[in-house]
2 protein chains.
Amino acid sequence: MGKAWSVEAVAGRLGITTRTLHYYEEVGLIPPVQRTPGGHRMYDEATIARLEQILRLRDVLGYTLQEIRQVMDVEDVLQGYRAQLEAGVEPEVRMDILEHSIQLLETVVAHIDEKVERLEAMRQRYRERLARIEEKLAKHRKEVDEGE
Amino acid sequence: MGKAWSVEAVAGRLGITTRTLHYYEEVGLIPPVQRTPGGHRMYDEATIARLEQILRLRDVLGYTLQEIRQVMDVEDVLQGYRAQLEAGVEPEVRMDILEHSIQLLETVVAHIDEKVERLEAMRQRYRERLARIEEKLAKHRKEVDEGE
DNA sequence: TGAAAACCAAACGTCAACGTAAGGGTTTGT
DNA sequence: ACAAACCCTTACGTTGACGTTTGGTTTTCA
């Protein structure tokens, strides 16, 4: 039996507000959360892991909730595949599933790659400016050295 | 005499709307644009270059306009330094300016580095999942090969 | 030179992603 | 067993980053 977390506990752990947790459930980013008989939400570790992934996509990639939903849809498909595999299925179907899963993950990685490339291009621009100024400073130091 | 661009021309060139150009001026992301006697805006290349940088920050780094303003403030300081250097100034002040410029640019680069690192960590997570699935697929292929 | 096309400022509209407040149940510690 | 702390739903509010509309002015070019 996995431990169950209250909204506030999860919010504290993830550094977000309870409103955000409610909202993400409301818009379907996470499936309906388990409840106590009285109606209070109980979050399990799987849901928390999903939330962590959502927050990474939000904060690291800067994705909108729509884009995040697309990624999570992929996750759900993968999860479905895993379930099918567990349930046992004919070998060819099995391979199809694995290959499709690979494809899905590769597109995600490709997106990240693209983002990294653009970032590195930007960094390069700044580095070049930096190099020019450093060069200027070095030349200047030499002049001062010799001049005095 | 530099060529002057109309709002629509700039918008077309940059792939944004005229509203966005007006808005960026309104909130001070770009300085007040030159006008014709009749009051129509005329953008010069320097302003367009600044706009391009703003858009890169927005689209590549996913910065909010507030964050962008911070970066542009740095740019303005650097610009001020350049102006001072052109105007001629004592050698020690000159070196101070150059060193400060370097510092500013380095913090920007550091920010980008941090972003890249986080992205690469995410990529790594996905790659590992990918590797696990590929391994499973390979094993499965072998089984099918031998089994038949 | 005159009409179509472009431009202006001002102001209200919109959408995402939550924030906040109200009114009332539920859990928990003592 | 009871108050404090926590949680619920509902619903309206807010902020950023523009979109859209209006009513009038300026440019352009045939």
Side-chain angles (χ1 to χ4, degrees), chain A residues 1-44 47-48 50-73, chain B residues 1-44 47-48 50-73:
Chain A
M1 259 244 199
K3 197 177 165 190
W5 296 64
S6 73
V7 254
E8 268 208 348
V10 174
R13 176 170 160 189
L14 299 184
I16 59 182
T17 67
T18 60
R19 176 59 170 117
T20 300
L21 287 170
H22 291 163
Y23 183 65
Y24 285 178
E25 186 178 351
E26 189 185 327
V27 299
L29 275 181
I30 53 175
V33 176
Q34 298 270 81
R35 303 296 185 110
T36 67
H40 288 194
R41 266 165 267 248
M42 301 183 316
Y43 293 82
D44 57 12
T47 304
I48 294 176
R50 190 182 173 101
L51 282 164
E52 284 172 339
Q53 191 184 358
I54 289 171
L55 294 176
R56 267 197 304 276
L57 291 168
R58 187 189 72 168
D59 299 332
V60 179
L61 289 189
Y63 277 10
T64 67
L65 297 196
Q66 277 188 17
E67 292 168 317
I68 293 176
R69 187 163 12 228
Q70 289 178 28
V71 176
M72 299 317 285
D73 284 350
Chain B
M1 258 243 201
K3 197 177 165 189
W5 296 65
S6 71
V7 255
E8 269 209 344
V10 174
R13 177 171 158 187
L14 300 183
I16 59 182
T17 68
T18 61
R19 175 60 171 119
T20 300
L21 287 170
H22 291 163
Y23 182 65
Y24 285 177
E25 187 178 350
E26 189 185 326
V27 299
L29 274 182
I30 53 175
V33 176
Q34 299 268 79
R35 303 294 185 111
T36 67
H40 286 197
R41 268 166 264 248
M42 300 183 317
Y43 294 82
D44 57 14
T47 304
I48 293 176
R50 189 184 174 100
L51 283 164
E52 283 172 340
Q53 191 184 356
I54 290 172
L55 294 176
R56 268 197 304 275
L57 291 168
R58 186 188 73 171
D59 300 332
V60 179
L61 290 189
Y63 277 10
T64 67
L65 296 197
Q66 278 188 16
E67 293 169 315
I68 292 176
R69 192 171 359 237
Q70 289 178 26
V71 176
M72 298 317 283
D73 284 350

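Just so it is clear: chains get the letters A, B, ... in the order the sequence lines come, proteins before strands, and each one is counted from 1. Please read these numbers as outputs of a predicted model, since none were measured by experiment.
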Over 12 foreign heavy atoms within 6.0 Å of CD, A:E67: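 Count over threshold, so yes.
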
Enclosure of A:E26 CD (heavy-atom neighbours >12, cutoff 6.0 Å):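 Yes, because the 6.0 Å sphere around CD of A:E26 holds more than 12 heavy atoms from other groups.
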
Rounded distance (Å) that lies between atom [atom2] of [N] and atom [atom1] of [X]:
X	N	atom1	atom2	value
A:E25	D:dT10	CD	P	12 Å
B:D59	D:dA17	CG	P	13 Å
A:I16	C:dC18	CD1	P	9 Å
B:M42	C:dC8	CE	P	11 Å
B:L21	C:dA6	CG	P	16 Å
B:H40	C:dA5	NE2	C1'	11 Å
B:R19	C:dC8	CZ	C1'	12 Å
A:E26	C:dG19	CD	P	13 Å

State the [atom1]-[atom2] distance between [X] and [Y], to the nearest 0.5 angstrom.
X	Y	atom1	atom2	answer
A:L14	A:I54	CG	CD1	10.0 Å
B:I16	B:D59	CD1	CG	9.5 Å
B:L51	B:R56	CG	CZ	11.0 Å

Dot-bracket notation for DNA chain C, counting Watson-Crick and G-U pairs under 3.5 Å, with | for partners on another strand: ||||||||||||||||||||||||||||||

So do [Y] and [X] actually touch side chain to side chain, heavy atoms under 4.5 Å?
X	Y	result
A:H22	A:V7	yes
A:R58	A:Y24	yes
A:T18	A:R41	no
B:V71	B:I68	no

Identify which nucleotide among [options] has an atom closest to any side-chain atom of [X], counting heavy atoms from C-beta outward.
X	options	value
A:R41	D:dC8, D:dC18, C:dC8	D:dC8
A:E8	C:dT27, C:dC8, D:dC6	D:dC6
B:Y23	D:dA17, D:dG19, D:dT9	D:dA17

Residue met sooner reading DNA chain C from 5', once A:P37 and A:T18 are mapped to nucleotides: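 On the 5' side of the pair lies A:T18.
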
Strand contacts (DNA chain D) in residues 62-71 of chain B, 4.0 angstrom heavy-atom criterion: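 Listed by number, they are B:T64, B:L65, B:Q66.
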
So does [X] get a side-chain nitrogen or oxygen closer than 4.0 Å to the phosphate oxygens (OP1/OP2) of [N]?
X	N	result
A:T36	C:dT27	yes
A:R58	C:dC18	yes
B:Y24	D:dA17	no
B:S6	C:dC7	yes
B:T17	D:dG19	yes

Test item: A:E25 side-chain N/O and A:V33 main-chain N/O as donor-acceptor pair under 3.5 Å: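 Present.
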
